[in-house]
**Q** 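Have a look at the structure that comes next, please.
Convention: sequence-line order gives letters A, B, ...; per-chain numbering from 1. All values reported here derive from a predicted model rather than from experimental measurement.
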Amino acid sequence: MNIEQELISSIHKAFTDLYQHTADLQELKLQPTRKEFEGTYTFVTFPYARISKKGPEQTGQELGAYLQQNSALVSGFNVVKGFLNLEIADAAWLQLFAAIAGEDSWGQLAANGKKVVVEYSSPNTNKPLHLGHLRNNFLGYSVSQILKAAGYEVSMVNLVNDRGIHICKSMLAYQKWGGGETPESSGIKGDHLVGKYYVEFDKHYRRQIEELVAQGVEKEEAKIKAPLLQEAQEMLRQWEAGDPQVVSLWKTMNSWVYSGFEQTYQKIGVAFDKFYHESDTYLLGKDIVEEGLEKGIFFKKDNGSVWIDLSSDGLDEKLVLRSDGTSVYITQDMGTADLKYKDFGMDKSIVVVGNEQDYHFKVLFLILEKLGRPYAPGNYHLSYGMVDLPSGKMKSREGTVVDADDLVQEMEETAENYTRELGKVEGMDPDEAKRLFTMLALGALKYYLLRVDPKKRMMFDPQESIDFQGNTGPFIQYTHARISSLLRRAEEMGINYKAVEISKQKSVHPTEREVIFQLSQYTDKVRLAGEEYAPSIIAQYAYDLAKEFNRFYTEVSVFNADDEQLRDFRIALSAAVARTIRHSTSLLGIEVPERM
RNA sequence: GGUCUCAUAGCUCAACUGGAUAGAGCAACUGCCUUCUAAGCAGUAGGUUUCAGGUUCGAGUCCUGAUGGGAUCACCA
């Protein structure tokens with residue numbers, strides 16, 4: 001049962017009966033009535049005055065009267081200027097709730113038979129994950145869950161950038177100054193240990209540049225000529241040539257990083273169905289360059305480099321293959337695009353990458369389109385904005401990055417302190433308490449990063465950003481714990497609220513009606529969030545629902561209801577809210593506790 | 001400089017894709033725990049939606065321009 005759709009079709013009929021006009025069903029739109037007016041749905045009549053040949057207000061009156069008479073859903077109406085506010089009958093709300101409570105797969109849309117691949121995380125293996133990666137990981141995981149709920153078959157993949165000059169820098173520094181330390185010997189987590197040497201490299205490298213500049217070398221030239229960089233580049237050449245020593249060190253250090261990443265991924269609750277490694281894929285794409293040349297989409301310059309001219313699409317000329325025949329970034333990406341299609345045969349392919357690469361993906365997708373790839377129309381760059389600190393942009397060289405592991409740990413400590421302060425751990429066994437702290441820490445963090453529209457850049461203040469009150473993850477988690485407590489009590493009292501006959505219910509309290517209304521919006525929100533790739537829609541929804549439930553909770557009493565019928569109805573309503581909170585937060589990758 | 005993008009309460013964010021008097025949270029202030037978890041609820045205060053034009057019944061939202069942030073324009077990834 002869908003109240004909105006039924007209302008729309010009644011309005012459609014009203015236009016025919018009253019004005020002999022066939023309205024376009026797509027054009028007829030309802031919006032929620034603003035709080036200061038009576039009613040639930042509002043129909044705007046301004047655009048239809050032309051059709052009725054009467055003023056917007058009179059049109060509203062006529063439509064309202066018609067609906068009240070001809071639709072069982074409409075129990076009353078009022079018209080303010082060109083706004084027709086419709087009040088919905090209690091019986092309709094109850095019927096709607098019965099349908100929701102009885103829905104087996106609530107929140108799961110019907111399978112649409114389409115496959116989608118979501119690529120996210122895609123870290124470099126030269127340093128640990130930081131705050132920016134967290135936004136990426138949470139977004140990628142959440143969008144994947146949302147698309148599953150929207151009916152897609154989803155695969156999550158991670159394209160690890162495990163080769164290149166950056167990892168050689170760490171390797172070189174380790175070779176020079178590492179003294180053979182390992183994660184085991186130093187007690188440092190693998191990715192952090194490798195990151196330490198990346199920083200070490202940069203320190204010495206900058207010193208060399210300064211020395212050269214002091215000798216009168218231009219800064220730009222000094223950056224290239226510094227011996228350390230030369231050595232790192234030489235190491236990269238050795239790696240590509242398969243030098244056993246270099247490859248062995250590369251394998252060792254990468255394995256440290258992987259075990260570090262694995263720990264972090266597990267901690268923050270993200271996972272992947274498949275890993276791709278650039279060391280395997282960096283040679284791909286050259287045959288596509290050939291193909292493009294044959295098709296006349298690419299052209300070769302005198303020095304042998306290959307380009308595409310995108311000026312007719314408002315872009316520039318773009319290099320796709322170097323003059324020495326080696327790949328550039330976009331060459332590989334063409335190759336991996338084909339590879340993914342070969343592996344998954346997906347209808348949609350989403351890459352979660354920061355918006356500093358907007359231009360790159362615009363070009364890449366355009367090329368794949370020109371090459372006539374069957375999957376080209378399904379490509380989508382989920383571009384997200386940077387995470388700024390109060391001090392400005394995060395810069396790894398300036399040591400202003402917020403490390404992911406550190407942040408999570410600090411959050412756990414904050415959660416623990418706060419929870420203990422409130423005296424919520426009494427009677428809780430230590431394991432449950434520990435799980436709770438982690439749940440709250442990650443709930444706060446994930447909600448904070450996901451509630452903002454992905455496209456927008458956002459501000460993160462480590463000192464005060466993460467709160468446990470108000471519009472936060474823990475607020476939603478708390479609401480769930482509250483309801484769980486109600487349901488435990490119902491259980492203890494042996495109440496079988498699932499058997500309640502909702503049709504026997506006589507009336508609906510305004511706050512109950514609001515809760516049912518919120519519940520009824522859920523499916524649409526899931527669909528919308530899937531279309532827009534926007535976890536923020538789900539986050540906002542979960543908050544609104546929790547907020548509405550808390551109002552209900554304080555305004556009416558569940559266990560002191562007038563009669564058992566009403567009591568059981570309210571328990572059932574609460575259970576439906578808990579279920580929806582659980583489902584919606586799971587789409588955000590957030591867990592909710594039974595007590596807190 | 002070219003292209004793209006953003007600008008909403010002191011702060012962090014919304015605004016259902018053009019609808020009513022622009023909403024939440026934080027911070028400030030006032031109430032509510034002898035009834036189901038006060039990490040809650042109710043309320044007060046806080047706005048020329050950066051600025052100037054335009055489009056129409058109607059603009060935070062669309063178009064033009066300006067100002068100010070950011071990104072990008074490598075034979076880096």
**Q** Think A/Arg135 forms a cation-pi with A/Tyr384, using NZ or CZ under 6.0 Å from the six-ring centre and within 45 degrees of its axis?
**A**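 Cation-pi check for A/Arg135 and A/Tyr384: fails.
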**Q** With a 4.0 Å limit, can you tell me whether A/Arg551 has a side-chain N or O closer than that to the phosphate oxygens OP1/OP2 of B/G43?
**A**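 Checking B/G43 against A/Arg551, no side-chain N or O comes under 4.0 Å of OP1 or OP2.
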**Q** Closer than 3.5 angstrom, by distance alone: can the side chain of A/Trp250 be matched with the main-chain N or O of A/Asp162 as a donor-acceptor pair?
**A**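 Indeed, once roles are kept as given, a pair shorter than 3.5 Å links the two residues.
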**Q** Nearest-Å distance, CZ (A/Phe549) to P (B/U37)?
**A**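 Atom-to-atom, A/Phe549 to B/U37, this comes out as 10 Å.
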**Q** Got a sec, which pairs hit salt bridge (charged side-chain N to carboxylate O under 4.0 Å, His left out) with one end in residues 519-540 of chain A, sequence neighbours left out?
**A**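 Pairs touching residues 519-540 of chain A that pass the test: A/Asp524-A/Arg527.
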**Q** Would you indicate what A/Pro56 reaches in the nucleic acid, counting non-hydrogen atoms under 4.0 angstrom: base, sugar-phosphate, or nothing?
**A**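 It contacts nothing in the nucleic acid.
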**Q** Quick one: label A/Glu532 by what it contacts on the DNA or RNA (base, sugar-phosphate, nothing), any heavy atom closer than 4.0 Å.
**A**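 Base, at least one base atom sits under 4.0 Å.
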**Q** Can you tell me how far P in B/G47 sits from the matching atom in B/C41, rounded to whole Å?
**A**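 That atom pair is separated by 25 Å.
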**Q** Stacking between A/Phe46 and B/G19, defined as ring centres under 5.5 angstrom apart with planes under 30°, is that present or not?
**A**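 Yes, the aromatic ring of A/Phe46 stacks with the base.
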**Q** Are B/A39 and A/Phe475 stacked, with the base six-membered ring and the side-chain ring centres under 5.5 Å apart and planes under 30°?
**A**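 One would not call A/Phe475 stacked on the B/A39 base.
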**Q** Pairs counted as Watson-Crick or G-U wobble with both distances under 3.5 Å: what dot-bracket string results for RNA chain B, using | for bases tied to another strand?
**A** (((((((..((((.....[...)))).(((((.......))))).....(((((..]....))))))))))))....
**Q** Taking OP1 and OP2 of B/C76, is either one under 4.0 Å from a side-chain nitrogen or oxygen of A/Arg322?
**A**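 The answer is yes; a side-chain N or O of A/Arg322 sits under 4.0 Å from OP1 or OP2.
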**Q** Assign A/Thr479 to base, sugar-phosphate, or nothing according to its heavy-atom contacts below 4.0 angstrom with the strands shown.
**A**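 No contact at all - A/Thr479 keeps every heavy atom at 4.0 Å or more from the nucleic acid.
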**Q** Suppose you measure atom P in B/A59 against the same atom in B/G18; what distance do you get, rounded to whole Å?
**A**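 To the nearest whole Å, 14 Å.
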**Q** With respect to the phosphate group of B/C41, does any side-chain polar atom (N or O) of A/Lys547 fall under 4.0 Å of OP1 or OP2?
**A**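 Answer is yes, contact under 4.0 Å.
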**Q** Using the six-membered base ring of B/A20, report whether A/Phe83 stacks on it, requiring centroids under 5.5 Å and planes under 30° apart.
**A**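 Yes, A/Phe83 stacks on the base of B/A20.
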**Q** At under 4.0 Å between heavy atoms, how does the protein contact nucleotides 3-15 of chain B? Give one character per nucleotide, 5' to 3', with B, S or -.
**A** ----S----BSS-
**Q** Does B/A39 have its OP1 or OP2 closer than 4.0 Å to a side-chain nitrogen or oxygen of A/Tyr478?
**A**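 True: A/Tyr478 side-chain N/O within range (under 4.0 Å) of B/A39 OP1/OP2.
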**Q** Contacts to RNA chain B from residues 432-447 of chain A, heavy-atom cutoff under 4.0 Å, which residues?
**A**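 Here the set is A/Leu440.
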**Q** Give a yes/no on whether any side-chain N or O of A/Lys81 is located under 4.0 angstrom from OP1 or OP2 of B/G58.
**A**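 Answer no for this pair, as no side-chain N or O of A/Lys81 is under 4.0 Å from OP1 or OP2.
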**Q** Look at the side chain of A/Thr42 and the base of B/A20, then say whether one donor and one acceptor between them are separated by less than 3.5 Å.
**A**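 A donor-acceptor contact between them is present.
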**Q** Looking at residues at least two apart in the chain, or sitting in another chain, which of them share a salt bridge (Lys or Arg N to Asp or Glu O under 4.0 Å) with A/Glu514?
**A**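 For A/Glu514 there are no salt bridge (Lys or Arg N to Asp or Glu O under 4.0 Å) partners, ignoring immediate neighbours.
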**Q** Identify, with sequence neighbours excluded, every residue that meets side chain to side chain donor-acceptor pair (under 3.5 Å) alongside A/Asp453.
**A**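 Here no residue qualifies.
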**Q** Report yes if a donor N or O on one partner sits less than 3.5 Å from an acceptor N or O on the other, where the partners are the side chain of A/Asn85 and the base of B/A20; otherwise report no.
**A**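 Such a pair exists between side chain and base.
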**Q** Answer yes or no: does a side-chain N or O of A/Arg34 lie under 4.0 Å from OP1 or OP2 of B/G23?
**A**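 Checking B/G23 against A/Arg34, a side-chain N or O does come within under 4.0 Å of OP1 or OP2.
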**Q** Under 4.0 Å: is that the gap between some side-chain N or O of A/Ser485 and OP1 or OP2 of B/U37?
**A**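 Checking A/Ser485 against B/U37: at least one side-chain N or O falls below 4.0 Å of OP1 or OP2.
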**Q** Nearest-nucleotide wise, let me know which of A/Ala481 and A/Ile165 is further upstream toward the 5' end of RNA chain B.
**A**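 Closer to the 5' end of RNA chain B: A/Ala481.
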**Q** Is NZ or CZ of A/Arg489 both nearer than 6.0 Å to the six-membered ring centre of A/Phe559 and within 45° of the ring axis?
**A**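 Yes; both conditions hold, so A/Arg489 lies above the ring face of A/Phe559.
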**Q** Using atom P in both nucleotides, what's the gap between B/G70 and B/U8 to the nearest angstrom?
**A**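 My reading of the P atoms in B/G70 and B/U8 gives 15 Å.
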